Amino acid sequence: MAKITAGVATSHVPAIGAAIDLGKTQEPYWAPLFEGYEFAKQWIAEEKPDVILLVYNDHASAFSMDFVPTFAIGCAEKFEPADEGWGPRPVPTVEGHPRLASHLAQSVIQQDFDLTIVNKMDVDHGLTVPLSLMFGQPDAWPCKVIPIAVNVVLFPPPSGRRCYELGKALRKAVDSFDEDLNVQIWGTGGMSHQLQGPRAGLINQEFDKEFLEKIVNNPEELSRKPHIDYVREAGSEGIELVMWLIMRGALNPEVIEKKRFYHVPASNTAVGHLVLENKE
Amino acid sequence: MAKITAGVATSHVPAIGAAIDLGKTQEPYWAPLFEGYEFAKQWIAEEKPDVILLVYNDHASAFSMDFVPTFAIGCAEKFEPADEGWGPRPVPTVEGHPRLASHLAQSVIQQDFDLTIVNKMDVDHGLTVPLSLMFGQPDAWPCKVIPIAVNVVLFPPPSGRRCYELGKALRKAVDSFDEDLNVQIWGTGGMSHQLQGPRAGLINQEFDKEFLEKIVNNPEELSRKPHIDYVREAGSEGIELVMWLIMRGALNPEVIEKKRFYHVPASNTAVGHLVLENKE
Amino acid sequence: MSLDKPYTNIPGTTIFDADMARIGYHLNQFCMSLMKAENRERFKADERAYLNEWPMTEEQKLAVLDRDYNRMMDQGGNIYFLAKIFSSDGLSFQHAAATMTGMSQEEYAQMMLNGGRSPQGNRYLGEEKGK
Amino acid sequence: MSLDKPYTNIPGTTIFDADMARIGYHLNQFCMSLMKAENRERFKADERAYLNEWPMTEEQKLAVLDRDYNRMMDQGGNIYFLAKIFSSDGLSFQHAAATMTGMSQEEYAQMMLNGGRSPQGNRYLGEEKGK
Ligand SMILES: [Fe+3]
Ligand SMILES: [Fe+3]
């Protein structure tokens with residue numbers, strides 16, 4: 001049977017992707033950040049997941065204003081890196097897992113989540129930067145990836161609670177897939193950041209650190225945080241953090257925390273990162 | 001305040017649209033069917049709704065396999081009739097109500113329905129045939145229309161229960177809109193029909209008549225009918241009937257039945273039609 | 001199978017689920033292309049050449065050329081997509097449905113006038129001869 | 001207003017809601033067009049001519065020509081869409097964010113190195129001077 005064995009959380013800042021692509025990871029500005037991911041890189045080389053459910057938000061790349069799905073799942077064979085205005089990132093094509101993705105879609109729709117199924121989309125930095133952080137620069141990504149895209153661009157995004165419940169539904173769906181697969185779920189985006197307006201550059205370390213603590217040890221309470229608190233406290237783009245709750249909802253109530261990392265700044269953003277294993 | 005005053009249910013068979021467009025409504029085959037809509041045409045001329053929430057399914061016209069939203073709401077200024085292979089139907093452009101549509105989207109997403117917002121789409125016979133049945137052949141449709149598209153093409157569609165609950169959420173959303181609007185909700189599609197395979201032509205009059213009775217007087221129970229019952233009993237395309245439950249969920253628990261009509265056949269299909277008013 | 005399919009015991013009926021959608025993806029996308037008048041013209045001018053522009057299987061292409069809707073459905077076609085083919089041909093849903101039942105269009109139309117195909121004996125595989 | 005907006009009292013922050021999206025629709029769709037290299041080239045060759053192909057307001061066009069991101073946001077632009085403009089210019093999110101704060105990029109970068117803008121005094125309009 002398929003099984004969710006672990007969860008990973010990480011920011012997906014585009015500047016991190018640029019630093020990797022341009023070979024700047026050892027520069028003084030970037031070195032402390034990449035150091036924080038060394039544990040996870042070694043850990044995942046041993047864990048060897050077969051499939052990653054990668055929760056992220058599209059940044060107006062695959063979805064324009066013509067079409068804004070609250071939750072979308074990518075069921076295609078492959079997904080190409082998007083051209084976000086400076087050409088596509090020089091990273092491998094992302095290979096999907098159409099059978100598992102379709103199974104997940106079927107299962108969570110039958111659990112009353114109104115998913116949109118997508119068979120054709122390019123994936124932007126929100127999806128590819130986490131892969132680069134965890135796997136470096138391979139010729140091909142070492143596992144399959146199922147993109148799960150969450151709307152956080154157009155107000156209102158789904159609530160933290162709804163995201164957490166979707167995580168639980170995904171967990172049930174994975175558990176009922178009859179192929180032996182080591183599945184991980186990643187939640188990406190955040191931490192506190194605001195990219196726009198006179199308040200740009202907001203970083204709320206207190207908020208971020210409490211979030212990191214609660215998502216590990218008290219996700220039920222955290223899942224009830226309202227949208228306005230994210231925006232007011234963590235910046236207009238800090239709302240991306242709700243996506244971590246999908247990851248957390250898909251794990252056991254109690255998890256083993258293998259790594260916690262927090263760093264400021266990466267460009268405009270605070271960076272947070274967790275590696276969580278499901279207790280047996 | 002805006003208010004849902006009435007609900008209309010009707011089949012949306014393409015052949016009915018063709019009969020209207022080609023001036024065949026008085027022919028012996030078609031006359032009994034159009035006779036059944038005479039009450040509703042006069043009724044709606046007096047009711048003069050400002051906006052119709054028109055629940056229908058796209059028949060692989062706006063949405064290909066690239067993109068399959070479970071629930072989509074059209075927030076655009078206007079929607080053109082789709083070219084389904086024989087040129088667009090000669091009917092007026094459909095005018096939307098972007099402010100109310102956006103309000104509904106915001107409200108029901110915050111009630112945990114994972115809508116997809118659509119700002120660009122053509123509308124097919126599923127939406128335009130009901131307008132023709134109710135309004136005839138005017139130069140312009142006499143009111144605004146908000147398209148609410150439900151996936152019934154790719155398995156699994158949302159359950160009847162989920163549809164019914166969405167109706168309730170839409171009702172709440174309309175009630176909280178602060179402009180005086182007379183709003184109707186229409187549920188379209190069905191009744192029993194199967195368009196495909198050796199079982200094509202299936203008509204289950206017993207099923208249909210029970211459905212017509214229960215959706216008026218016992219929708220709670222009806223909303224629990226599982227997908228497989230629709231398909232087995234009412235034909236593979238009979239599943240379109242779940243959309244009537246969105247209409248019904250948006251009305252009061254008790255309604256005044258102004259009209260009930262049932263006719264076989266229209267091309268491959270049994271035709272059902274209801275006019276329901278909200279009791280004060 | 002990982003996907004639960006309670007609907008496989010319904011006679012003469014194909015449910016368009018994820019597995020069928022995957023098989024039929026390019027066939028169905030070809031159908032969508034016929035929503036543009038210029039594509040319909042190119043298709044009608046040389047059906048085989050137009051079909052060859054699509055990464056469909058040879059069986060799918062032959063089924064389209066033969067207008068064999070049951071075969072198209074066996075190979076992942078969905079009726080709402082396939083409707084673009086017979087609509088481009090200027091033919092009705094009733095015509096297409098009749099061809100799938102093995103009846104003539106007249107016989108089929110008469111069955112519908114008589115109240116349609118009865119559900120009796122048509123609910124489960126095996127009771128198929130019941131009617 | 002019919003839409004509930006609990007977020008209007010956050011200083012220096014525009015929430016991209018349905019009302020903003022409606023105002024900014026064509027501006028944002030223009031931004032999306034810059035995801036194609038050939039469009040970027042045409043835009044760079046004659047920005048004004050390229051903008052005139054879009055049904056945007058004159059204020060929106062001028063804000064784009066001026067690369068005034070605050071004005072673009074006032075007129076319905078969303079930062080994730082607008083990113084296509086500065087990315088086409090070969091500039092970073094940090095550059096664009098700095099221009100919106102009235103700081104030089106150096107000052108802004110230094111603020112970020114110092115731990116970023118504090119939430120103290122930046123949570124509610126009116127306490128804005130708190131910091
Ligand atoms: Fe992001
Ligand atoms: Fe239909």
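Excluded from the calculations below are hydrogen atoms, water molecules and symmetry mates; all remaining heavy atoms, backbone and side chain alike, are included. Just so you know, these numbers come straight off a predicted model, no measurement behind them.
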Give, as side chain, backbone, both or neither, the part of A:Phe207 having an atom under 4.5 angstrom from any heavy atom of chain D.
neither
Evaluate whether atom NZ of D:Lys44 has more than 12 neighbouring non-hydrogen atoms of other residues, nucleotides or ligands under 6.0 angstrom away.
yes
If contact means a heavy atom pair closer than 4.5 Å, which residues of residues 104-112 of chain D contact chain A?
D:Tyr108, D:Met111, D:Met112
For D:Gln29 and A:Met65, indicate whether the former's side chain and the latter's backbone hold a donor-acceptor pair under 3.5 Å.
yes
Quick check on D:Tyr25 against chain A: is it the side chain, the backbone, both or neither that has a heavy atom closer than 4.5 Å?
side chain
If I measure from the heavy atoms of chain D, does A:Thr269 come under 4.5 Å with its side chain, its backbone, both, or neither?
backbone
Let me know if D:Asn9 has heavy atoms under 4.5 Å from chain A in its side chain, its backbone, both or neither.
both
Do A:Ser64 side-chain atoms and A:Asp66 backbone N/O form a donor-acceptor pair below 3.5 Å?
yes
Between the side chains of A:Gln205 and A:Asp208, is a donor N or O closer than 3.5 angstrom to an acceptor N or O?
no
Pairwise distance CG(A:Leu241) to CZ(A:Phe211) - rounded to 0.5 angstrom
4.5 Å
Looking at A:Pro88, A:Ala60, A:Ser236, which one has more heavy-atom pairs under 4.5 Å with chain D than the rest?
A:Ala60
With only heavy atoms counted, which part of D:Met73 is less than 4.5 Å from chain A, the side chain, the backbone, both or neither?
side chain
I'd like to verify something: which residue of A:Gly85, A:Ser192, A:Ala266 has the highest number of heavy-atom pairs under 4.5 Å with chain D?
A:Gly85
Which residues pass the salt bridge (charged side-chain N to carboxylate O under 4.0 Å, His left out) test with A:Asp229, sequence neighbours left out?
none
Can you see which heavy atom on A:Leu54 is nearest to which on A:Trp186, and at what distance?
CD1-CE3, 3.8 Å
For D:Ile79, is it the side chain, the backbone, both or neither that has a heavy atom under 4.5 Å from a heavy atom of chain A?
side chain
Is a side-chain donor-acceptor pair under 3.5 Å present for A:Tyr37 with A:Thr10?
yes
Measuring heavy-atom distances to chain A, does D:Ser92 have an atom under 4.5 Å in its side chain, in its backbone, in both, or in neither?
neither
Examine the side chains of D:Tyr50 and D:Ser33 and answer whether a donor and an acceptor come within less than 3.5 Å of each other.
yes
For the CD atom of A:Glu77 and the CD atom of A:Glu95, what is their distance to the nearest 0.5 Å?
8.5 Å
Assess whether side chain to side chain donor-acceptor pair (under 3.5 Å) is satisfied between A:Glu84 and D:Ser87, documenting all intermediate values.
CA-CA 7 Å; A:Glu84 299 178 57; D:Ser87 296; over 6 Å; no
Members of residues 149-158 of chain A whose heavy atoms come closer than 4.5 Å to chain D:
A:Val153, A:Leu154, A:Phe155
Do the ring centers of D:Phe81 and D:Phe30 come within less than 6.0 Å of each other?
no
If the plane angle is over 60° it's perpendicular, under 30° parallel, otherwise tilted; pick one for A:His263 and A:Phe261.
parallel
How would you list, by chain and number, every residue that makes a ring pair (Phe, Tyr, Trp, His ring centres under 6.0 Å) with D:Tyr80, sequence neighbours excluded?
A:His59
Examine whether an atom of D:Arg123 lies under 4.5 Å from a heavy atom of chain A, and if so say whether it belongs to the side chain, the backbone or both; otherwise answer neither.
both
Go through the atoms of A:Asp124 and report whether side chain, backbone, both or neither lie under 4.5 Å from a heavy atom of chain D.
neither
Can you tell me how far apart CD1 (D:Ile10) and CD1 (A:Ile228) are? Round to the nearest 0.5 Å.
4.0 Å
Does any backbone or side-chain atom of A:Gln196 lie under 4.5 Å from a heavy atom of chain D? Answer side chain, backbone, both or neither.
both
